[in-house]
Amino acid sequence: MTAALRADPVARLATLAPTISVGILTADLMALGADLARIDGTGVEILHVDVMDGCFTPMLTVGAPVVKALRTPLLKDVHLMIRDPLDKLADFVAAGADIVTVHAESCDHVHRVLQQLGTMQNANDPARGIARGLALNPGTPLEAMEPLLDEVDLVLLLAVNPGWGGQRFIPATMGRLERARRRLEAAGRRILLGVDGGITRENVRQLAGTGVDLVVTGSAVFDGKAPADNARYMLAALRGS
Ligand code: DX5
Ligand code: ZN
């Protein structure tokens with residue numbers, strides 16, 4: 001696959017940045033289809049699916065069949081919180097993932113996992129490519145991303161310890177985001193910066209203008225009231241309006 005094709009997912013996401021990726025972990029599954037249809041008109045174009053295996057995280061959530069079952073024009077942002085993801089990548093790619101994010105802490109050979117992901121074709125549209133994400137837990141030094149920067153399109157900093165929606169944002173994340181942004185700017189090619197966990201109506205504005213490209217937010221959108229209005233609000237607040 002040519003570099004141009006692989007670069008495409010980053011170019012596409014960069015045109016949306018700064019933007020929101022809506023997490024469905026706390027969504028009302030019985031209303032999800034209708035809610036996603038409403039969100040599709042708000043300017044938010046990315047859907048975040050938290051895949052937890054009950055090993056890497058205490059919680060067990062969904063697998064590739066659920067990712068596939070989500071029939072939506074929104075881009076599928078698949079956050080793999082699973083141990084040893086190498087052999088499972090193909091299932092999530094076949095399920096239509098546009099962004100696949102793996103954790104630096106999830107296996108011994110994360111460089112190989114990212115390389116493998118780089119050889120895969122987007123099942124929705126080969127020209128779209130697959131954006132390769134690297135996630136770091138709050139306790140993982142930023143230096144862990146250094147040897148992997150040639151193999152990633154997105155660095156996702158967790159602002160909570162993975163496992164649940166609705167947790168409190170860890171304040172030290174702001175400093176990590178600032179340092180990570182500076183490091184990525186020096187990378188010599190466009191690598192997106194994202195943050196995941198604990199983003200609320202109250203704190204989303206602090207991310208405006210910080211150079212964060214992708215903000216994952218779940219329970220602040222799916223609060224059981226008006227997901228589409230919440231999504232619109234979060235996006236506008238992130239963009240400083
Ligand atoms: C946590 C997940 C997050 C979480 C976000 O392990 O990776 O994506 O679902 O949910 P909120 O926005 O409610 O913290
Ligand atoms: Zn997540």
Side-chain angles (χ1 to χ4, degrees), residues 13 18-29 32 35-36 39 44 46-64 66-67 70 74-83 85 88 92 95 97-106 131-140 152 154-174 176-177 192-207 212-235 237-238:
L13 292 169
T19 195
I20 297 281
S21 183
V22 172
I24 59 169
L25 190 59
T26 55
D28 172 359
L29 295 185
L32 188 55
D35 284 341
L36 290 182
I39 284 174
V44 171
I46 310 175
L47 174 70
H48 185 84
V49 184
D50 289 308
V51 176
M52 303 179 190
D53 63 357
C55 302
F56 182 72
T57 53
M59 181 75 85
L60 178 71
T61 58
V62 299
V66 171
V67 173
L70 294 165
L74 301 176
L75 295 176
K76 292 180 181 174
D77 167 19
V78 177
H79 181 190
L80 295 181
M81 288 163 276
I82 63 176
R83 253 242 186 271
K88 300 168 188 82
F92 289 99
D98 294 289
I99 306 171
V100 177
T101 297
V102 299
H103 269 263
E105 313 86 358
S106 66
R132 299 177 290 171
L134 175 74
L136 300 181
N137 283 335
T140 301
V152 300
L154 163 72
V155 170
L156 184 72
L157 297 188
L158 272 280
V160 297
N161 287 297
W164 291 270
Q167 297 184 75
R168 211 171 60 77
F169 181 91
I170 296 170
T173 310
M174 291 306 291
R176 283 167 61 84
L177 285 167
L192 303 165
L193 177 62
V195 62
D196 184 9
I199 312 292
T200 63
R201 279 177 167 256
E202 289 67 40
N203 64 19
V204 64
R205 274 184 202 287
Q206 69 174 349
L207 294 168
V212 171
D213 301 297
L214 193 68
V215 171
V216 178
T217 177
S219 54
V221 171
F222 289 104
D223 62 355
K225 300 186 193 106
D229 295 345
N230 293 334
R232 200 175 282 113
Y233 175 88
M234 297 296 281
L235 184 60
L238 174 64

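Computed from a prediction, not measured in an experiment: that's the story for all the values here. Atoms within each ligand, like the ligands themselves, are counted from 1 in listed order. Each residue takes its place number in the sequence, starting with 1.
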- Query: Can you find a pair of side-chain heavy atoms, one from V221 and one from V44, that are under 4.5 Å apart?
  - Reply: no
- Any donor-acceptor N/O pair, N137 side chain to G139 backbone, under 3.5 Å: no
- Item | Protein heavy atom at shortest distance from atom 11 (P) of ligand 1 | G166 N, 3.6 Å
- Query: Considering residues, nucleotides and ligands other than R168, do more than 12 of their heavy atoms fall under 6.0 Å from its CZ?
  - Reply: no
- Would you check if F222 and D28 make a side-chain contact, meaning some heavy-atom pair closer than 4.5 Å? no
- Of all protein heavy atoms, the one nearest atom 6 (O) of ligand 1 is G163 N, 2.9 Å
- Query: Counting each atom of ligand 1 from 1 as listed, which ones have a heavy atom of H79 under 4.0 Å away?
  - Reply: 7 (O)
- Task: For atom 1 (C) of ligand 1, find the nearest protein heavy atom and state the residue, atom name and distance (0.1 Å precision).
- Result: W164 O, 3.5 Å
- Item | Interfacing atoms of ligand 1 (cut-off 4.0 Å, heavy-atom, T217) | 12 (O)
- Item | Minimum-distance atom from the Zn ion (ligand 2) among N, O or S atoms of H79 | ND1
- Can you tell me the angle formed at the Zn ion (ligand 2) by NE2 of H48 and OD1 of D50, to 10°? 90°
- Going by heavy atoms in the side chains, are V215 and T19 under 4.5 Å from each other? no
- Task: Number the atoms of ligand 1 from 1 as they appear, then name those within less than 4.0 Å of a heavy atom of P162, with their elements.
- Result: 6 (O)
- Nearest-contact summary for atom 8 (O) of ligand 1 - protein heavy atom, Å: D196 OD1, 2.7 Å
- Task: Return yes if some donor-acceptor pair links the side-chain N/O of D213 with the main-chain N/O of G194 below 3.5 Å, else return no.
- Result: no
- Query: Should you measure from each heavy atom of L25, which atoms of ligand 1 turn up under 4.0 Å away?
  - Reply: 9 (O)
- Item | Under 3.5 Å donor-acceptor, T200 side chain and A220 backbone | no
- Query: So which protein heavy atom does atom 10 (O) of ligand 1 come closest to, and at what separation?
  - Reply: G165 CA, 3.7 Å
- Could you list which atoms of ligand 1 come closer than 4.0 Å to a heavy atom of M81? 6 (O), 7 (O)
- Item | Contact atoms of ligand 1, heavy-atom distance to M52 under 4.0 Å | 6 (O)
- What protein heavy atom sits nearest atom 9 (O) of ligand 1, and how far off is it? D50 OD2, 2.8 Å
- Query: If only atom types and distance count, is the side chain of S219 paired as donor or acceptor with the main-chain N or O of G165 below 3.5 Å?
  - Reply: no
- Item | Protein residue, atom and distance nearest to atom 12 (O) of ligand 1, heavy-atom basis | G218 N, 2.8 Å
- Query: Under 4.0 Å from any heavy atom of G197, which atoms of ligand 1 are there?
  - Reply: 14 (O)
- Looking only at distance, does H48 have an N or O less than 3.5 Å from an N or O of ligand 1? yes
- Atom of D196 closest to the Zn ion (ligand 2), considering N, O or S atoms: OD2
- Message: Using only atom types and a distance under 3.5 Å, with no angle test, would you say the side chain of Q167 pairs donor to acceptor with the backbone of G197?
- Response: no
- Task: Can you sort out which atoms of ligand 1 are near S219, meaning under 4.0 Å from one of its heavy atoms?
- Result: 11 (P), 12 (O), 13 (O)
- Note on the structure: Nearest non-hydrogen protein atom to atom 14 (O) of ligand 1, with distance, is G198 N, 2.8 Å
- Query: Given side chains that start at C-beta, do those of D50 and D196 come closer than 4.5 Å, heavy atoms only?
  - Reply: yes
- Query: Distance-only, no hydrogens or angles: does the D53 side chain make a donor-acceptor pair with backbone N or O of F56 under 3.5 Å?
  - Reply: yes
- Item | Close side-chain approach of I170 and N161, heavy atoms under 4.5 Å | yes
